[in-house]
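All remarks here apply to the structure that follows.
The chains referred to below are lettered A, B, ... by the order of the sequence lines, with proteins before strands, and numbering in each begins at 1. Because only heavy atoms are used, hydrogens play no part in the values below, and waters and symmetry mates are left out as well, while side chains stay in. In this text, all values refer to a predicted model and were calculated from it rather than measured experimentally.
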2 protein chains.
Amino acid sequence: MRVRLEDVARAAGVSPKTVSRVLNDEANVTDATRERVRAAMEAMDYRPHPSARSLAGNRSFLVAMLYDNNDNPASTYLAEIQDGVLEACDAHRYSMMVRPLRMRDGDFIRRFDALISDHHPDGVVLTPPITDHAPLLKRLRERNVPYASVSPLRHGKTIGVAMDEQLAARAIVEHLLELGHRRIAHVIGIADHGASRWRLAGYREAMAAAGLSEEPALVVQGAFTFGSGVEAARQLFSLAKRPTAVFAANDDMATGVMWAAGEYGLKVPHDLSVCGFDDTPLSRQLWPALTTVQQPSREMGKIAAEQLLSVLRGNPGRLVQVPFSLQIRGSTAIAP
Amino acid sequence: MRVRLEDVARAAGVSPKTVSRVLNDEANVTDATRERVRAAMEAMDYRPHPSARSLAGNRSFLVAMLYDNNDNPASTYLAEIQDGVLEACDAHRYSMMVRPLRMRDGDFIRRFDALISDHHPDGVVLTPPITDHAPLLKRLRERNVPYASVSPLRHGKTIGVAMDEQLAARAIVEHLLELGHRRIAHVIGIADHGASRWRLAGYREAMAAAGLSEEPALVVQGAFTFGSGVEAARQLFSLAKRPTAVFAANDDMATGVMWAAGEYGLKVPHDLSVCGFDDTPLSRQLWPALTTVQQPSREMGKIAAEQLLSVLRGNPGRLVQVPFSLQIRGSTAIAP
DNA sequence: GGCAGGAATGACAGCGCTGTCAATTTGCAT
DNA sequence: ATGCAAATTGACAGCGCTGTCATTCCTGCC
């Protein structure tokens, strides 16, 4: 049958409570005892019963990852974060559950409450754009549920992980400037996502620093999707004075821009330089491959989860800044 | 504090065991009692403690969804299945966990064993290509873990959900034939995926039925990714006698084909008809929009989970066939 | 009206672990 | 050696439910 903690205790010649202490890395166990118990656990391939642990110890060893399945066209991004969160949870022997919550729905908070009451997660990982939903954050604090955020809009004392997206956006626009481009367009993402704001801010910063005043016609709204990139590009290519380069706020839109360039007979990068943001797998498969900013989504999910787990263990958590890296590839070249 | 089953029992004037019976939809409770208990539960907003239930009842109310994160570039597909599985689990008050397992790894089975020992899921949902991993299926039976499959290769007495992909592939190729195409190419998916085989078989069936003998040069290997579609298309477009239509085994590759067509100055659909398979969101955003086969992934995930849950409740489960539908859009037209 | 037999309900132990607190051992200064 | 505080270990109850089996309550039928 199943090996229980009691069996391990008998094998190691100690009380069940001592085995429990070893299992939970508690203090006040001599190294010798700890080692003996560890050996017994190993030998018997002991697996603690999560339900028993959770029932007796009043914690669930469960982390819930919340995401919005309404406003998230870039599902690759979420899948990667999910992978990272899962990796961290596994490493710490926590289990993870995913919860899609439609932020725009009226019963958003109610559904969140139900999640907590039904599953008792020890903590929660928030993904954009849920990271910035004020009523939810309030409720999390009220119910005293620890949480960590991936790319939260407001940094403050939030725990989690972030990248300096504004700096990254500025850097990629500077790359275009160095290539001699002056008429550089920007395709914005979904308006209220933090990512859209920062990337736009970075674009503006770089342009201003180069002494170029903003041309409103060169800044067009998109929605993070391939289709919205195509639309935005058509708008740009219909201008009397076309841009020579386009910085799209993510790779999907950049791909759309490249697509539309084909429609207009513009060769990339000869007639038009295009760059994106995210370094999705797609960006490397395109021809020419897309110049973009690498955002380590998987790593970011992992880090957010690790910060959360650190808090759950009673240690402090912090907002970790991850570095970005420019991926200069074939889609950008010297201005025509 | 927390409302317990005992509290509900007191409020309803019955024993805890009776409340438990109502909670679990067991027999031998009068309608009047059942109603009284239900009302009390409702009034007190009672939420059973999952760990207590699982510890005492020896079941976990947990379903694990297994997927391969090695060989699955089409993450949108998985994300949709995941959503569907989650929906079904929620409806039946089960929780769900996702488990990436690299099928090609040596310790695949060991990791699966660890999953079972650590989390005790009541059942498992298998997604392609894990559905056809013989050693895993064997182990599932040995350990007596019920499972349901999404699009399993071998139908037999498997429980789950499937679509007649071969028929769908045949139908879409017939659509091309009706448009007057004769030189129709096919881009195959990853070799050992069931999906690749069926779609190829459907292609062959349609061509043979039209009295066309297979031209080996027109059938090229891909890998379900955009990039592999581009590669395959370049191969096809370099032929002395180019195809006038390409049926790619999924939308990502079809998009790659359309991309490559641009490189070769071929206008879609005027010079070349292209069609895919899956009806990913991308297919609608392209210009021209992609003719494809709609595969209701989300629905399929939901159905697979429902069949599994049915088995867990002691009812029979079966392999549900879902209908496909052709999405005829702008990327296919009369042969040049 | 009395009784068998099944339906409805309840009493109670226990699932496998951890919290609390008591008992024991250890280390160290005297 | 001796005493004392701190470190280590253990005894025991109980987390919130469900399985088992005993008990009570109904039926229909002679």
Along DNA chain C (nearest heavy atom to each residue), the more 5'-positioned of Ala56(B) and Arg34(B):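 Its nucleotide being nearer the 5' end, the pick is Arg34(B).
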Candidate pair Ser54(B) and Ser51(B), rule side chain to side chain donor-acceptor pair (under 3.5 Å), full reasoning: CA-CA 5 Å; Ser54(B) 131; Ser51(B) 300; over 6 Å; no
Which residue lies more 5' along DNA chain D, comparing Arg21(B) with Ser54(B) via nearest heavy atoms: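 Upstream on the strand: Ser54(B).
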Whole-Å distance separating the [atom1] atom of [X] from the [atom2] atom of [N]:
X	N	atom1	atom2	answer
Arg4(B)	dG14(D)	CZ	P	12 Å
Phe61(A)	dC17(C)	CZ	C1'	10 Å
Arg10(B)	dT9(C)	CZ	P	19 Å
Asn28(B)	dG19(D)	CG	P	14 Å
Asp7(B)	dG16(D)	CG	P	9 Å
Arg59(B)	dC17(D)	CZ	C1'	12 Å
Glu6(A)	dG10(D)	CD	P	14 Å

According to a strict under-4.0 Å criterion, is [X] in side-chain N/O contact with OP1 or OP2 of [N]?
X	N	value
Asn24(A)	dT18(C)	yes
Arg53(A)	dT18(C)	yes
Thr33(A)	dT9(D)	yes
Tyr46(B)	dG16(D)	no
Ser20(A)	dT18(C)	yes
Asn58(B)	dT18(D)	no
Ser15(A)	dT9(D)	no
Thr30(A)	dA7(D)	no

Ignoring the backbone of [X], work out which of [options] is nearest its side chain.
X	options	result
Leu55(B)	dG16(D), dG10(D), dT18(D)	dG16(D)
Glu26(A)	dG19(C), dA8(C), dG10(C)	dG19(C)
His49(A)	dA7(C), dG16(C), dG10(D)	dG16(C)
Lys17(A)	dG10(C), dA11(D), dC17(D)	dA11(D)

Plane angle bin for His49(B) and His120(A) - parallel if under 30°, tilted between 30 and 60°, otherwise perpendicular: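 Geometry flag for His49(B) against His120(A): parallel rings.
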Any side-chain donor near an acceptor of the partner, Tyr46(B) and Arg4(B), under 3.5 Å: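 No donor-acceptor contact under 3.5 Å links the two side chains.
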His133(A)-Phe108(A) aromatic ring centre distance below 6.0 Å: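 That pair passes the under 6.0 Å test.
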salt_bridge(Arg47(B), Asp118(A)) N-O dist < 4.0 Å: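 The answer is yes: the pair qualifies as a salt bridge.
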Touch class at under 4.0 angstrom, heavy-atom based, for Ser51(B) against every strand present: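 Touches nothing.
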Sugar-phosphate, base or nothing in reach of Pro48(B), heavy atoms under 4.0 Å: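 Here Pro48(B) touches the backbone only, sparing every base.
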Test log, rule side chain to side chain donor-acceptor pair (under 3.5 Å), inputs Thr33(A) and Thr30(A): CA-CA 5 Å; Thr33(A) 309; Thr30(A) 57; 2.6 Å; yes
